[in-house]
Amino acid sequence: MGLVESGKIPKGITSLLNMSRKYSLWVYQWGLACCAIEMGAAFGSPRYDVMRLGVIPLPASPRQTDLVVVSGTVTDKMAPAVKRLYEQMPEPKYVISMGSCANCGGPYWDSYSVTKGVDQIIPVDVYVPGCPPRPEALLEGIVMLQERIQNEDMAARWKGESIVVD
Amino acid sequence: MSQLSSTDTPTEEAEIATDTVREAMLEQLSAELGDALVGSHLEPGIDLTIRVTADAWAQTAEFLKNGMGFAYFSFVSAIDWLPSPFGRDMDSQVDLALEGADPKEAEEMIWGLAGGETRFQVFARVNDIVGHRALTIKADVPADTLTVPSWVGTYAGANWHEREAWEMFGINFEGHPGLRHIYLPGEFEGNPMRKDFPLLARRVKPWPGIVDVEAMPGSDDEEDETDAGGSND
Amino acid sequence: MTDISDRQQLGYIASQAADARLNLELETEGMTLNIGPQHPATHGTLRIIAKLDGEQVIAADPVMGYMHRGYEKLTEVRTYPQVTSLINRIDWLGSFANEVPFILAAEQLMEVEAPPRAQWIRTILFEMSRIANVVLFLGDMAVQVGAVTPVFFAFRDREHILNQIESATGGRFHPNFDRIGGLKDDLPAGWVAETKQVMKKMRGFCDEIETLVMGNEIFQKRTRGIGVIPPDVGLQYGLSGANIRGSGVDWDVRRDNPNGLVYDQVDWKVWTHPDGDSFSRFWVRLQEVREATKIVDQLLDTIPAGPIMAKVPRIIKVTAGEAYVETENPLGVMGYYVISKGDLVPYRVKIRSASFNNMSITPWLLKGVYVPDIVTILGSLYFILGDIDR
Ligand code: SF4
């Protein structure tokens, strides 16, 4: 794709490609604590039905995923595994941090064994606050991420420059 | 396969009856253990706590299980009776102002039920699920060796509990098949449940604490309201 | 092997010899299988290191601590009302049930008693959190043997319970509703009638699961006779809840020592099953959900009127002393040993969580089973990581 390398993709193609990407997010459920159940309710229950947003919560391995939802408490013992999981995901990859624990440590902010936020280990795209966030909140987080993907400049991303968000 | 539940309400007589049960338990134990039973506390109708010497720790378990029918193992853990050397600065600063306490004031070690002599105590609980009895057993951990006999031989379930106590308090259990880390990563330093283990995040940034203990604005008559909600309302 | 005839014994020896020969031919290198820390069968972040010989497990070593959040230390630096909001998160599927024993222990120390209405509502919510918790197990157990649909049903019907809990307490998940001396609020209008409807739905769900899962041949084959726990071993390891009742031990704290909850006011049954295998644990839990809906129904009919809060000081200082209170939580017996020195904060809280004891039997139980059975056995023991690691 010479076009991409030269950094000149027509706008139409970019937006078409971005649209196809944002509506086919394969998401890995990295459920760690209480928030995992709310994530399960969002992804697994007919009441919230996440698939209508074009999100597919099925992959069994991080190697097939575009998006990972880190939901729950990340402990210091768990942290290396989280990092390895992130490294196993193929580019382009996105991370949603769900719940106060994953955002900043939450109720365990002073604990001796809890990592104070997953963003100390891996970069996070969208933070969903709450303890636990309602499933609706997670869905909104996913919609926000989709907006972000829509606005991505693919050429810039392929060249390895930082993501531009309008 | 099933059994109808007994629906009788615990009455006054029942309470007194349980009491005699606990007294009988205490008598039986002191007859068996003799001098090894160094302290006891009987809360009528509520609970029985005994304290034995560290040497008799395993023997007590043996007797409770095989001699008295306490077949059910509930837990083993430990207590650190040291007053926190960090004083109240591990608590919220608001509490301090409220109390007017001097955080560095050296406190004396005060033991709980059934007394104590050393900084660390191990305590455990076993149940007799047929007779619906239960009791708490405590033992002082010798300060120099920090070692008590293990219960694994008697109650196999004590294994993980003793690993936990070893990790959290640094107490050794003699005869345990493998004291390894259970919760924390191998490179973790210190014994977090000891009172002199500081929570570093707290030292950097004190928790604002029970902020809404002050009356809410515009409600002066709140004083005598019976609200136990504390900070979470 | 006492009353075995010589003939049988010879046959037995011969078959052993044949097995040994076969094993020699098929001799496999020992293999170490690592399951987890993030694996669908571990319900969270448990890791199991299993040494295998072919398909058979020779030794299994669970590695916990991936969810260790240091509750016991944190309770030493939180005031009593703050502790309640923290311990909600131990067993996150039945959060309300976590608060109750702690509050009861604190009440025992302070020598206050919640008014009858509060006790009633506590018991109702306690049983509802049991339903919210165990319903997910019923769906999940089917997943462990390869059927995916029941878990969707479980999530669907669990929402009804969560709705009711939310409209009463304001929290879908972590209600933080219990207070020393009573409850935060009274029930909203119309709640009783709605809850009755929901209980009817939950009974429907139980019937659905029963027809869908329990008679299923695959389910029976995968669970009957698998993971058998003899009662005496179960007692030694301190198993509780459906795990011990599934082994035929008739022990339920709700019935035997209902301290502070009103189980003695209703007519209900404690179910046990003599087999002690994975199936019996599933069966007992299913009956328990049914029983819970009945308890809730009866209590809803008899809620007394009155205040929901006893008179307690605004700033809670719990009297110095020690108290241990245990209740029959959805996962098993949960107890709090609270040591107070008359401060705003507890001096030491020992949390005796059900899953920690329930799981401590796994090294013993998994020895000699086949690899696919690890999944069903772990599923049927039913643990929640927060409850193991705390
Ligand atoms: S944010 Fe709250 S609900 Fe979520 S994992 Fe942490 S404690 Fe649990």
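Just so it is clear: chains get the letters A, B, ... in the order the sequence lines come, proteins before strands, and each one is counted from 1.
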Report summary line: What one should report as the nearest heavy-atom pair of C:G238 and B:Y72 is O-OH, 2.9 Å
Query raised in the report: Hey, is the main chain of B:P192 close enough, under 3.5 Å, to the side chain of C:K73 for a donor-acceptor pair?
Result: yes
Report summary line: Closest heavy-atom pair, B:M193 versus C:R348, reported as atoms and distance to 0.1 Å, is CE-NH1, 3.2 Å
Query - Side-chain ion pair, C:D256 and B:R133, N-O less than 4.0 Å - result: no
**Report entry** Atom group of C:M67 that falls short of 4.5 Å from chain B, counting heavy atoms
**Finding:** neither
Requested in this report: Tell me, with the steps shown, if C:Y324 and B:F75 meet side-chain contact (heavy atoms from CB on, under 4.5 Å).
Outcome: CA-CA 12 Å; C:Y324 178 75; B:F75 67 81; 3.5 Å; yes
Report task. Please report the shortest heavy-atom distance between C:R352 and B:S74, naming the atom on each side. Result -> NE-OG, 3.0 Å
**Report entry** Segment of B:L184 engaging chain C (4.5 angstrom heavy-atom cut-off)
**Finding:** side chain
**Report entry** Under 4.5 Å from a heavy atom of chain C, the part of B:H181 involved
**Finding:** neither
Query - Counterpart residues, side chain to side chain contact (heavy atoms under 4.5 Å, CB included), relative to C:Q108 (two or more places apart) - result: B:I46, C:A323, C:V325
Query - Side chain proximity check, B:R163 to C:S360, heavy atoms < 4.5 angstrom - result: no
Report task. Could you grab the distance from atom CD1 of B:I129 to atom CD1 of C:I244, nearest 0.5 Å is fine? Result -> 6.0 Å
Requested in this report: Can you sort out the partners of C:R245 under salt bridge (Lys or Arg N to Asp or Glu O under 4.0 Å), two or more places apart, ordered by chain and number?
Outcome: C:D252, C:E288, C:E328
Query raised in the report: What part of B:D80 lies closer than 4.5 angstrom to a heavy atom of chain C: side chain, backbone, both or neither?
Result: backbone
